[in-house]
Amino acid sequence: MVVVSGQTENRGTPDDAMSSSDAEDELIEPATPTPSSATFSLQGKLLPLQLPEVIPLNVGGMCFTTRLSTLQRYEDTMLAAMFSGRHYIPTDAEGRYFIDRDGTCFGDILNFLRCGELPPRDRVKKVYKEAQYYSIGPLLDSLDKLQPLTGEKVRQAFLDLMPYYKDHLERIIEIGKLRAMQRKARFAKLKVCVFKEEMPITPYECPQFNTLRFERSENETKHFEHHCDVDVSFGPWEAVADVYDLLHCIVTDLYERGITVEHQCIGVCDKHLINHYYCKRPIYEFKITWW
């Protein structure tokens, strides 16, 4: 009978021996978890990392602390996948798990995961963008039902009636910038036409308006087609929303781009079209202040 002791004698050749410095290098563990430091089963399969029950977080420099179960509340989210133990998560100098994202609204994300609490109205849009990034479907569904997101959908449905709306906004910005630079001025002025109806309207045209609108010949149509002497023109459209509603959209969207705009009606287009018909589309002066 052969007895094998717990320790075996090293019978290798001197060339096979490992130096003491090499042995020390093999025992050094990385400062942060890496895929190579994961645990393997006896069958050689990679086992999930064991994460603590309380998770310290550093989100873009802002620190948070929450339970692991909170981050894993909805399994189809990015946070649940990150903290499933299957992925490498970098840590900062204090051992907090680091997420390279603006942490301003991350507290709102955690509050929803903890108890379903929704953010106040002034932060709804920002939280919605973060919920999209983290793929939190239930939060997105809840925010969709709140203002201002609900109102934004209605507004966008109106703007979709004008396929060149965004292009016209870009044109306003480019023209305003070019004029201000050419004149070395603090502000720039543009003429913008905003009209809802396709047909010209004057007091004596109103009784014939519907007839002319739907029954005019092709030659008559050409007489009514023209471009007002303005920088940008919006319209026509068919909706309940009127000219002032579109002006509000234009000013709001420019403000979102960091551009301050003042506007006032300076008259109407008085181009003669045919017989006693004139254009009569309202023309607005837009004043863009650059600094």
Side-chain angles (χ1 to χ4, degrees), residues 32-35 37-39 45-92 94-163 165-166 169 239 241 245 248-249 252-258:
T32 57
T34 63
S37 65
T39 304
K45 295 181 179 181
L46 182 63
L47 296 177
L49 294 174
Q50 296 298 317
L51 296 172
E53 183 178 355
V54 177
I55 302 293
L57 296 168
N58 178 346
V59 184
M62 299 182 66
C63 296
F64 302 88
T65 303
T66 189
R67 293 174 63 92
L68 178 62
S69 58
T70 299
L71 299 173
Q72 297 175 339
R73 182 170 298 276
Y74 299 106
E75 61 181 12
D76 293 334
T77 66
M78 177 180 173
L79 290 172
M82 287 178 62
F83 291 91
S84 63
R86 302 190 305 269
H87 304 283
Y88 164 65
I89 311 173
T91 58
D92 62 12
E94 298 180 357
R96 293 180 173 271
Y97 294 104
F98 181 73
I99 300 177
D100 192 11
R101 187 75 177 174
D102 185 3
T104 304
C105 297
F106 193 75
D108 295 305
I109 297 291
L110 288 180
N111 286 339
F112 177 80
L113 294 177
R114 288 166 177 154
C115 57
E117 179 180 338
L118 296 175
R121 175 171 177 166
D122 61 336
R123 292 206 299 272
V124 166
K125 285 187 176 181
K126 292 182 178 180
V127 175
Y128 189 86
K129 291 181 179 179
E130 295 305 299
Q132 287 180 315
Y133 176 78
Y134 294 112
S135 301
I136 307 176
L139 177 54
L140 292 172
D141 293 339
S142 297
L143 294 177
D144 271 332
K145 301 174 183 178
L146 298 180
Q147 286 282 45
L149 293 182
T150 300
E152 180 60 24
K153 288 184 176 181
V154 176
R155 189 182 82 102
Q156 194 58 51
F158 162 56
L159 295 179
D160 287 342
L161 297 175
M162 286 161 282
Y165 175 77
K166 292 183 179 180
L169 287 183
D245 295 322
H248 181 272
C249 291
T252 300
D253 289 335
L254 290 174
Y255 181 78
E256 290 291 329
R257 302 280 295 273

Any chance you could measure Phe98, atom CZ, to Ile89, atom CD1, to the nearest 0.5 Å? 12.5 Å

Residues forming a salt bridge (charged side-chain N to carboxylate O under 4.0 Å, His left out) with Glu53, sequence neighbours excluded: Arg67

To the nearest 0.5 Å, what is the distance between CD on Glu94 and CG on Asn58? 8.5 Å

Sequence neighbours excluded, which residues qualify as side-chain hydrogen bond (donor to acceptor under 3.5 Å, both in side chains) partners of Asp100? none

Do the side chain of Thr252 and the main chain of Cys249 share a donor and acceptor less than 3.5 angstrom apart? no

For His87, look at atom NE2 and say whether over 12 heavy atoms of other residues, nucleotides or ligands are found less than 6.0 Å away. yes

With sequence neighbours left out, write down each residue that passes salt bridge (charged side-chain N to carboxylate O under 4.0 Å, His left out) with Arg96, or none if nothing qualifies. none

Which donor-acceptor pairs under 3.5 Å do side chains of residues 138-146 form with protein atoms, sequence neighbours excluded?
from   : atom 1 : to     : atom 2 : distance (Å)
Ser142 : OG     : Pro138 : O      : 3.1
Asp144 : OD1    : Tyr128 : OH     : 3.4

Nearest-0.5 Å distance that lies between atom CD1 in Ile55 and atom OH in Tyr97: 5.5 Å

By ring-ring contact (aromatic ring centres under 6.0 Å, His included), Tyr133 pairs with (sequence neighbours left out) none

Sequence neighbours excluded, the answer for ring-ring contact (aromatic ring centres under 6.0 Å, His included) partners of Phe106 is Phe64, Tyr134

Where do Ser84 and Leu51 come nearest, in terms of heavy atoms and distance? N-CD1, 4.5 Å

Identify every side-chain donor-acceptor pair in residues 112-126 under 3.5 Å, counting partners at least two apart or on other chains, and give the distances.
from   : atom 1 : to     : atom 2 : distance (Å)
Arg114 : NH1    : Asn111 : OD1    : 3.4
Arg114 : NH2    : Thr65  : O      : 3.1
Arg123 : NE     : Asp108 : OD2    : 2.9
Arg123 : NH2    : Asp108 : OD1    : 2.9

Sidechain N-carboxylate O distance under 4.0 Å for Asp253, Arg155: yes

Separation between OH of Tyr74 and CD1 of Ile136, rounded to the nearest 0.5 Å: 9.0 Å

Test of understanding: with side-chain contact (heavy atoms from CB on, under 4.5 Å), list the residues that count as partners of Glu75, not counting sequence neighbours. none

Heavy-atom closest pair, residues Ile109 and Ala131: CD1-N, 4.1 Å

Taking all non-hydrogen atoms of both residues into account, name the closest pair between Leu161 and Ala239 and its distance. CD1-CB, 3.6 Å

Those residues that, when tested against Ala241, pass side-chain contact (heavy atoms from CB on, under 4.5 Å) (two or more places apart): Phe158, Asp245

Residues passing the side-chain hydrogen bond (donor to acceptor under 3.5 Å, both in side chains) test with Gln132, sequence neighbours excluded, are none

Separation between CZ of Arg73 and OG1 of Thr66, rounded to the nearest 0.5 Å: 9.0 Å

Minimum-distance pair of heavy atoms, taken over all atoms of Gly95 and Pro56: O-CG, 4.2 Å

Test of understanding: with side-chain contact (heavy atoms from CB on, under 4.5 Å), list the residues that count as partners of Met82, not counting sequence neighbours. Met78, Leu79, Ile99

side-chain hydrogen bond (donor to acceptor under 3.5 Å, both in side chains) partners for Glu130, two or more places apart: Arg101

